[in-house]
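Everything on this sheet refers to the single structure shown next.
Throughout, protein chains are lettered first and strands after them, A, B, ... in sequence-line order, and every chain is numbered starting at 1. The structure displayed is predicted, hence computed values, not measured ones. Note that these values count all heavy atoms, side chains included, but never hydrogens, waters or copies made by symmetry.
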Amino acid sequence: MSNFDEMDAFDGASVPLSQRAMSARPMPYLDGLNPAQREAVETLNGPVLMLAGAGTGKTKALTTRIVHLMNASKARPNEILAVTFTNKAAREMKNRVGGMLGQSIEGMPWLGTFHSICVKLLRRHAELVGLKSNFTILDTDDQIRLLKQLLRAESIDDKRWPARMLAGFIDGWKNRALTPDKVPSADAGAYNNRGTEFYEMYQKRLLELNAVDFGDLLLHVVTIFQTHDDILNQYQRWFRYILVDEYQDTNVAQYLWLRLLAGGHKNICCVGDDDQSIYGWRGAEVGNILRFEKDFPGAKVVRLEQNYRSTPHILAAASNVIAGNEGRLGKDLWTASEEGEKVRLIGHWDGEEEARWIGEELEAMQGGARGMRPISLDDMAILVRASHQMRAFEDRFLTIGLPYRVIGGPRFYERMEIRDAMAYFRVVTSPDDDLAFERIVNTPKRGLGDKAQQKIQMAARENGVSLLEGARIIVDTKGIGGKGGTELGKLVDGIARWSALTRGPLMANVIDDDAVLDDGPTFTQPEYGPPEMGHVELAQVILDESGYTAHWQNDKTPEGPGRLENLKELVKALEQFENLQGFLEHVSLIMDNEQEKDEPKVSIMTLHGAKGLEFPAVFLPGWEDGLFPSQRSMDESGLKGLEEERRLAYVGITRAEELCTISFAANRMVFGQWQNALPSRFIDELPEDHVDVLTPPGLYGGSYGAAGMGMGGGSGRSDLEQRVQDANVYNSPGWKRLQARKDQRPMGQPSEAKNITIDMTAVSSFSIGERVFHQKFGYGAVIGIEGDKLEIEFEKAGIKKVVSRFVAAADAADDIPF
DNA sequence: TCTATGTCGATTTTT
DNA sequence: TCGACATAGA
């Protein structure tokens, strides 16, 4: 039996004596909690559902609960399983628990994301599902490429039946914990009736490659638990307490995983908010949280309803909108904070004007508008439904020189050059990684095209070895002649050389005893001696000697310098790891990129990306039916889809602390066509008493006067019903006429007459004709100067007006060092 | 084998 | 409109 019950079970390294002494005394960390939070923290045994509304201090309750568990000697740190969805959340929890304990905690090996914990479990038991413990983890991109290969081999027309679609089905099944043999007959028609067939082939291929995709991490572990009682039992006993963050976002596989693990003692505490479930399209089941009390009989439900984030007006607006959803668990958020400003609502002529207005608002608020305190750009955010809406803001902010940061765009580790570089590292650390080899074999161009690569494939298959080995055979037998042959030889030799440099000799197998009961088996991990060359230096050598660095140095596209910059950053990031393997392991699971925080910038992100964040001032543009709620969501998922959109609206509004501004435009350029739209139906759901309707600046006095539009000169109508009527006017003949007039406006001409003031202090140092470089638009020539604004004819992007501080002289950009 | 042109299609994306 | 991707020519 284990030594759970002895106090001595706490080893000195993870819980210091001072902590142990504390457990006998009152618990000061409980003092800062409100009654509900306190109840959630103190109900340690049995199932607990913590329903935590937006901004109600859920992380605080969760972390305090962990501290309390340890402090009350209920469990050792390594017997607590705490699961999150994002690495960010895991990191934050770790930091906060560490902070409360007054030291960093090394002893919580089981605090992490579903995926990272599954990797750990799967490495131990890999052989039970036909894998080796050093399996590689494929990301979405690898997954699609693999599927494309499969489909090509079956001569499937990937126009009609895209690999992406198949990947969607497979992910869907994996989310529901369905192995190929368990896919229900109702899904038999998927992917032209061949979905399950390909699913099976794909799984087989993954095993051959000793690889798993994200879905497999969960699925394999669930399979192991379901088929090996002894192993499940061991973990059930080991994890004495289980905590789950964002429970509303769990999918079926994750739900099963949790149920299996909690099946013994049932000490499971799930935290979530059904109103913030916005990942249904990714397989999340709101039903999991709605059903909690049935799944775990005797569950205690604690509601956290005191909101510490937003003003009453903002809360009221959010609550009113979300009230439109059926079947909620229901919460009444309240706050003790003072009134503040009402939620502001404003309609615009078009998306361009919306962006312009928001830009002006941002600038005004920086300086402290309407008697409000000045707000830093860091404290303001623009939250959009779909990422393509971001462009309008980027364009606008670029021209007025307003610093912004886009959060969530193409992530660092998803960029081409980073993925290429990592593929090199992968081949070097695990020579069997065929996908990585394939990626780099002709990158940079080595004269190895389809034919050459097929030869390598053949050689590998005939000899039953990896592609790298196959390539070596080709080289030895001179199977490929000319330039390609020589280059391949160089590459194969290079990989062998770099490989030899990655690790020192095998020193020992170290026993890993987290979650190993005394009567259970043991697990070991190899440990290597020091390598001859530091891994950071090695990485640089690999990139240089392979010709990859040179490839981008010779690149003439505007992206070239940026890509070199990214590679430099990648090498720098390596410093935080012990070796290349450790880095790759980390990266395959951690795809988030920390943005540098230099000068204050306004954040632009999607509503999804904003979950869990908060800002004093929030702008919610694009509230138009079809865009938000998204037409596609409603078409595909009907009422369910609409309700998820509504929850998205709820998430958006509740991100705001002090000021929330919702806006919509009557006209918007969609795929190069002008489209007009009605204001979002969610606007009708905003409570009048808590909303100020602002009058669009363009509607009076401006070049598109209110005359003839029945808008009555825009005298303060704060009555929402009136506004909705007004909004409908946007579809009236009068507006249509205006729209037509606007469309005739010559391209590039500003839609308002504006006096250009030349600020002599900011006159640019550029001259007409000078070649310049711009981060976003690339290279171009200056063709006009107005104060600090330059008119530039870009080679790729056409003519744009840009603030000079965003532009560098071209030769300066040319020698970005690497 | 590499580079230029055309066609198609287009949310949200924690890992 | 813009970008990704596929096919056609050099």
Notebook entry, point to check: Using the P atom in both, what is the distance from C:dC5 to B:dT12, to the nearest Å?
Noted result: 16 Å
Margin query: I'd like to know whether A:Val83 forms a side chain to side chain contact (heavy atoms under 4.5 Å, CB included) with A:His115, so could you lay out the CA-CA distance, the side-chain angles of the two residues, the decisive distance to 0.1 Å, and finally the verdict.
Written below: CA-CA 9 Å; A:Val83 226; A:His115 294 266; over 6 Å; no
Margin query: Counting only heavy atoms and a strict 4.0 angstrom limit, can you tell me which residues of residues 642-654 of chain A come near DNA chain B?
Written below: A:Glu645
Output one line per pair: protein atom, nucleotide atom from nucleotides 2-6 of chain B, and distance, for all N/O pairs under 3.5 Å.
from, atom 1, to, atom 2, distance (Å)
B:dC2, OP1, A:Gly447, N, 3.4
B:dC2, OP2, A:Asn442, ND2, 3.4

Item checked: Gap between atom CG of A:Asp274 and atom CD of A:Glu643 - 0.5 Å precision -> 11.0 Å
Checklist line | Non-neighbouring partners of A:Lys455 that pass side-chain hydrogen bond (donor to acceptor under 3.5 Å, both in side chains), sequence neighbours left out | finding: none
Check: For A:Ile144 and B:dT15, what is the distance between atoms CD1 and C1' respectively, to the nearest whole Å?
Finding: 15 Å
Check: Got a sec: does the NZ of A:Lys490 have more than 12 other heavy atoms crowding it under 6.0 Å?
Finding: no
Item checked: Length of the CD1-C1' vector between A:Ile278 and B:dT11, whole Å -> 13 Å
Check: Is the charged tip of A:Arg123 near the ring of A:Phe135: under 6.0 Å from the six-membered ring centre and within 45° of its axis?
Finding: yes
Next item on the list: Write down the distance between CZ (A:Arg91) and P (B:dT15), rounded to a whole number of angstrom.
Entry: 9 Å
Margin query: Any N or O donor-acceptor pair under 3.5 Å from the base of B:dT11 to the side chain of A:Arg385?
Written below: no
Check: Between A:Gln631 (CD) and B:dT11 (P), how many Å, whole number?
Finding: 14 Å
Check: Would you say B:dT11 has OP1 or OP2 under 4.0 Å from some side-chain N or O of A:Ser387?
Finding: no
Note to self: Heavy atoms from C-beta onward define the side chain here; which of C:dC2, B:dT11, B:dT13 lies closest to that of A:Arg391?
What the structure shows: C:dC2
Checklist line | Between C:dA4 (C1') and A:Met416 (CE): distance, integer Å | finding: 11 Å
Check: Between B:dT11 atom C1' and A:Arg164 atom CZ, what is the distance in whole Å?
Finding: 13 Å
Margin query: Taking salt bridge (Lys or Arg N to Asp or Glu O under 4.0 Å) as the definition, give me every residue that meets it alongside A:Asp249, ordered by chain and number, with sequence neighbours left out.
Written below: A:Lys611
Note to self: Whole angstroms only, please: what is the CZ-P distance between A:Arg632 and B:dA10?
What the structure shows: 6 Å
Margin query: Centre-to-centre under 6.0 Å for A:Tyr404 and A:Phe393, is that the case here?
Written below: no
Checklist line | Along DNA chain B (nearest heavy atom to each residue), the more 5'-positioned of A:Ala452 and A:Gly609 | finding: A:Ala452
Checklist line | Qualifying salt bridge (charged side-chain N to carboxylate O under 4.0 Å, His left out) pairs, either residue in residues 214-225 of chain A, two or more places apart | finding: A:Lys174-A:Asp216
Notebook entry, point to check: Which nucleotide in the set C:dC5, B:dA10, B:dT15 lies at the smallest distance from any side-chain heavy atom of A:Phe671?
Noted result: B:dA10
Margin query: Under 6.0 Å between ring centres: does that hold for A:Phe628 and A:Phe682?
Written below: yes
Check: Taking atom P of B:dG9 as reference, at what distance in whole Å does atom CE of A:Met165 sit?
Finding: 12 Å
Check: A:Thr606 side chain N/O closer than 4.0 Å to the phosphate oxygens (OP1, OP2) of B:dT13?
Finding: yes
Margin query: Just to verify, what does A:Val475 make a side-chain contact (heavy atoms from CB on, under 4.5 Å) with, not counting sequence neighbours?
Written below: A:Leu488, A:Val492
Notebook entry, point to check: Can A:Phe114 be called stacked on B:dT15 when the rule is centres closer than 5.5 Å and an angle between planes below 30°?
Noted result: no
